[in-house]
> 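Before I ask anything, here is the structure I am working with.
Quick note on labels: first sequence line is chain A, next is B, and so on, each numbered from 1. Values reported hereafter were calculated over all heavy atoms of this structure, with side chains retained and with hydrogens, waters and symmetry mates removed.
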Amino acid sequence: MRYSKLFGKTKKSVPSDKDSVNARLLTQAGFVEKLCAGVYNYLPLGLRVLKKVENIIRDEMNKAGGQELLMPVLHPISVWESTGRTKSMDEILFRTGPDKEFILGPSHEETITPLAGSFIKSYKDLPLSLYQIQEKFRYEARAKSGVLRGREFGMKDLYSFHTDEEDLDRYYEIMKQAYSNVFNRCGLKSYIIEASGGAFSDKFSHEFQIPTNAGEDTIILCEKCGFAQNLEIATGKITEDENTEEEKALKMIDAVHGPSVEDTANFHKVSPSKVLKSVVYEVEEVGLLGVLIRGDLSINEVKLEKYLKKRLRPASAESLKSAGLVPGFISPVSNPVEIPFIADHSVTNMKNFVTGANVQNFDFENVNIGRDFQIKDFTDIVEVRNGFKCPKCESSLKEIKAVEAGNIFKLGTKFSDSFNLKYLDKDGVLKPVVMGCYGIGTTRLVGTIVEASHDEKGMIWPKNVAPYSVHLLKIGNDDTLNEACEKLYKELSDNGIEVLYDDRDESAGLKLNDADLIGLPLRIVLSKRTLSENKVEVKERIKDDFNLIDISEILEFVKNYLNS
RNA sequence: CGGGAUGUAGCGCAGUUGGCUAGCGCGCAGCGUUCGGGACGCUGAGGUCGUGGGUUCAAGUCCCGCCAUCCCGACCA
């Protein structure tokens, strides 16, 4: 491709409203152009990247036995009424008449399930794996971060159909591997983590997280053993020596202070870790429950809900009052209504700590578990933070930002039940089909690659997804040089090398800066200077140094580079 | 959807207590000189000042509504 003819040129200045690195670089380099918030045009360069990403995904899905098909974007609302998932989608409508309303497809379980059902009749039709690569439309209250969170975006969605859970489990592992392969081939390091999936969903699901600062998610990563977890449900150890303090005599003292742990700690002149944090929740169907944790730590409510298998919310001021509990002075000691208390493991090692006395402006000092009160149960409900130890290898855990580039779900029979998708088994019994679904945001993946792979000069495309492999620059302008460049461009192109040829009559600096911004893997410069020695200058985008190579050897060099 | 900020040429911006024909840089077009890290000279094209209303002799400038964009939060099957 001749750069002079390419639609979508680099810009020296970029609109000031570009929020993220990917939006700024992709726009500045002429890969995308925003139509409105969360909706992007893909220009030729951007589209080439997108297509390469899609083809990598396509290849891996095919290898995993997937068959590609294409479903409609327009979904009659009736299809969605079958599953009741129409809430929060009201805005995404398309009308062909006063009563003819369609939803612009946000996902395709509702179309694939009946579609699969029209062909799945017998166990002989299973397993089956179908996928498509297509635009999705979602109601995003706030589109942001360039192409990472759009209202219209590209997605690969694959749906698998199985006779039983066991076969789904088998295929789920195949998909996990396929997903890792996709991200690897896109030059990305991915981590598989268990999705929080809300507190009660027993549906099993995993997310593929790519570390970058632009990410909206926080994951807890052990850099040593690679164990990654969703912050919402992460577990980790607090390492400390066993507390061998002697138990001192319990004291109740006047304590006028505010309601927070800090207030309490300051008043007693101790560190927050010496204060017992008591939080009371109203638990669905159960009532009030006291939850204890070391004062310097926080309760993770998602983990707590998972442990209780009930929904909960912090107790209201009224219910605390009616239970005789005083905010700021709540305590499992001398607990007037004897509400049950559970505790995080972090409390086990606490001795002679401070807690309220269930009386306004009175605290206990030198409180000890067992002697002064009893705990119904100890469990892990702590919110994991930087510095906790990895539950697998004991190295230090780190909180890092990451982009969720893919997710996979075991749907079970949720959708087959809604659409009555059954098969006739060997034993002559009709059984529900067991399903899985697996998504990768293709446009988000393009943005993620930019976020993960750039420097202050511009983007750095991994070979497999670069819009072109080689950026050929003509530096200077005279007939001999032009002729040599044309010849080289033709030679490389004729041999199947994807070349972007900057044939413009522009200054050297401008072209070199553009090349850095666009970020193709290999830059080849031909100038009067190199031509006088019959050489070209070759530089990898990721490296600082360059080589001079004989023009006659350049084709071989490029081929070797691309295959390495 | 709540809170905040912004909106003047394609992009980045200036425009004073309201005052004449709305400017500057980049980019774009033409001509010439340049040619290894965002070259230079000359000439030129390009504007509903986001939008609707109001105040005023007079509004880019003041007031109100709306829209759009970005940020923080809520939401994200």
> Output yes when A/Glu399 and A/Arg385 qualify as a salt bridge under the 4.0 Å nitrogen-oxygen rule, no when they do not.
no
> In whole angstrom, give me the gap between the P atoms of B/rG2 and B/rG12.
28 Å
> Quantified in whole Å, what is the C1' atom distance between nucleotide B/rC13 and nucleotide B/rG7?
13 Å
> What distance, rounded to whole Å, do you find between the two P atoms, one in B/rG23 and one in B/rG47?
13 Å
> Nearest to the A/Cys36 side chain among B/rG36, B/rU69, B/rA77, which nucleotide is it?
B/rU69
> What I want to find out is whether A/Lys474 reaches A/Asp505 closely enough, with some N-O distance under 4.0 Å, to be called a salt bridge.
no
> Distance between the C1' atoms of B/rC67 and B/rG52, in whole angstroms?
10 Å
> Closest approach to the side chain of A/Lys12, judged atom by atom: which nucleotide of B/rU34, B/rC26, B/rA77 is it?
B/rC26
> In whole Å, measure the gap between the P atoms of B/rU61 and B/rG36 for me.
49 Å
> Run A/Tyr438 and A/Ser160 through side-chain hydrogen bond (donor to acceptor under 3.5 Å, both in side chains) and show every step you take.
CA-CA 8 Å; A/Tyr438 317 80; A/Ser160 71; 2.8 Å; yes
> Taking the C1' atom of each, how far is B/rU48 from B/rA22, in whole Å?
14 Å
> When you measure only distances, ignoring hydrogens and angles, does the side chain of A/Arg142 come within 3.5 Å of the base of B/rG3 through a donor and an acceptor?
no
> What interatomic distance, in whole Å, is found between C1' of B/rC72 and the corresponding atom of B/rU34?
50 Å
> Between the side-chain atoms of A/Arg149 and the base atoms of B/rC76, is any donor-acceptor pair under 3.5 Å?
yes
> At less than 3.5 Å, do the side-chain atoms of A/Ser527 and the base atoms of B/rG36 form a donor-acceptor pair?
yes
> Can you see whether A/Tyr171 has A/Lys176 sitting over its ring - NZ or CZ less than 6.0 Å from the centre and within 45° of the normal?
no
> Give the nucleotide from the list B/rC1, B/rG37, B/rG36 with an atom nearest to the side chain of A/Ala508.
B/rG36
> Please determine, for the side chain of A/Pro106, which listed nucleotide (B/rC70, B/rA77, B/rG38) has the closest atom?
B/rA77
> Taking B/rG15 as the reference, what is the distance to B/rG60 when you measure between their P atoms (whole Å, please)?
16 Å
> Classify the angle between the aromatic ring planes of A/Tyr179 and A/Phe183 as parallel (below 30°), tilted (30 to 60°) or perpendicular (above 60°).
perpendicular
